[in-house]
Amino acid sequence: MRAIDCLVNVHFGEREQPAWMAKTRDDYFKGPKSMFEPADMSALLEEMDANGVTKAVLMDNLATPSVTARKFVEARPDRFVLAMGGVNLLRPVPALRDLSAVVKDLPVVYAVVGPSFWGDGQYPPSDAVYYPLYAKCAELDLPLCVNTGIPGPPIPGEVQNPIHLDRVCVRFPELRLCMIHGADPWWDVAIRMLIKYRNLRLMTSAWSPKRLPEALLHFMRTRGADKIIFASDWPVLPMNRVVPEALGLNLPADVMDNYLYNNARDFFFGDH
């Protein structure tokens, strides 16, 4: 068994987290206090090795670069790559110049944006404020991951309804787009979108595999074998928990291999 973990947070311990993040950890995720402690590369590699995780995608940020993530990538480029957030969509020209430069210099496999987490949650992904980012990612052939589903933190969630990506997929067919953090409570909408659009994917980061809805598992067994991508959102959910849970799903062996490894390899790392 082999896996690629497509969303890992090693930056949490770099600075004190705001009170709402601590509250989310305690009240929503029921996570341990250690969730926001500095990440140890040896311990992370040990957890990866124990679960057959060959690569981990580490979250980074243009506005506040993660020293830890970049240190891990420099030390073990064979095991770690980056995902880049923090694009200032209200001042897109300088931000996208920076994104282009970072993608050229560092192993960035996707860009990421969370509609609920910026602009007070007032801009759905169909808003034109995102269009420069979409165009730049399409130009760079850089996949873009967009948070979907109601978020755990106490911030507005309606903008993360996956239906807002419908117009995006129509207007930017060249853009490789991935919904991340599931799509609860709009799973059925997300599945219809995945059927409808060739270049759209969904990542199950921040979701315990045993909590995934049967509708999604059925889609994976049938029309969506190449559409769903595994990720943990470590340390929110440790690999030691989610990889065994994933292996316990009632999925055919080839679908399981796609979910854990092949789909991420082809979408984020493969030739297009």
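Not measured: the values here are computed from a predicted model.
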Side chain to side chain donor-acceptor pair (under 3.5 Å) involving Asp27 - partner list, sequence neighbours excluded
Lys23

Between Tyr110 and Arg176, is a side-chain hydrogen bond (donor to acceptor under 3.5 Å, both in side chains) present by the stated rule, with each step listed?
CA-CA 9 Å; Tyr110 67 79; Arg176 285 186 282 148; over 6 Å; no

Residue set satisfying salt bridge (Lys or Arg N to Asp or Glu O under 4.0 Å) with Glu37, at least two apart, ordered chain then number -> none

Applying salt bridge (Lys or Arg N to Asp or Glu O under 4.0 Å), name anything that partners Glu74, two or more places apart in sequence or on another chain.
none

Using salt bridge (Lys or Arg N to Asp or Glu O under 4.0 Å) as the criterion, list what pairs up with Arg97, not counting sequence neighbours.
none

So how far is it from His164 NE2 to Met193 CE, rounded to the nearest 0.5 Å?
10.5 Å

Residues in side chain to side chain donor-acceptor pair (under 3.5 Å) contact with Asn147, at least two apart in sequence or another chain
none

Is there a side-chain contact between Leu106 and Val73 in this structure, where contact means two heavy atoms from C-beta onward sitting under 4.5 Å apart?
no

In chain order, what residues pass the side chain to side chain donor-acceptor pair (under 3.5 Å) check against Tyr197, with sequence neighbours excluded?
Asp166

Any side-chain heavy-atom pair of Pro185 and Ile150 under 4.5 Å
yes

Note: Pro154 and Thr24 closest approach over all heavy atoms is CD-OG1, 3.8 Å

At their closest point, which heavy atom of Ala135 faces which heavy atom of Phe172, and how far apart are they?
N-CE2, 4.0 Å

Only counting residues at least two apart or in another chain, list the ones meeting side chain to side chain donor-acceptor pair (under 3.5 Å) with Asp49.
Arg79

ring-ring contact (aromatic ring centres under 6.0 Å, His included) pairs touching residues 38-75, sequence neighbours excluded, are Phe72-Phe80

Please work out whether the ring planes of Tyr130 and Tyr134 are parallel, tilted or perpendicular, with thresholds of 30° and 60°.
parallel

Going by atom type alone, with no hydrogens or angles, which donor-acceptor pairs under 3.5 Å involve a side-chain atom of residues 252-260 and a protein atom two or more places apart or on another chain?
| from | atom 1 | to | atom 2 | distance (Å) |
| --- | --- | --- | --- | --- |
| Asp257 | OD2 | Asn262 | ND2 | 3.3 |
| Asn258 | OD1 | Asn262 | ND2 | 3.0 |
| Asn258 | ND2 | Ala225 | O | 3.3 |
| Tyr259 | OH | Thr204 | OG1 | 2.7 |

Does the salt bridge (Lys or Arg N to Asp or Glu O under 4.0 Å) test come out yes or no for Glu214 and Arg221, once each step is laid out?
CA-CA 10 Å; Glu214 179 56 35; Arg221 297 184 199 107; 2.8 Å; yes

Under the salt bridge (charged side-chain N to carboxylate O under 4.0 Å, His left out) definition, can you give me all pairs with a residue in residues 53-73, not counting sequence neighbours?
Asp60-Arg70

Sorted by chain and residue number, the salt bridge (Lys or Arg N to Asp or Glu O under 4.0 Å) partners of Arg167 (sequence neighbours excluded) come out as none

Below 3.5 Å, can you tabulate the donor-acceptor pairs from side chains in residues 6-13 to any protein atom, sequence neighbours excluded?
| from | atom 1 | to | atom 2 | distance (Å) |
| --- | --- | --- | --- | --- |
| Asn9 | ND2 | Asp233 | OD1 | 2.7 |
| Asn9 | ND2 | Trp234 | O | 3.1 |

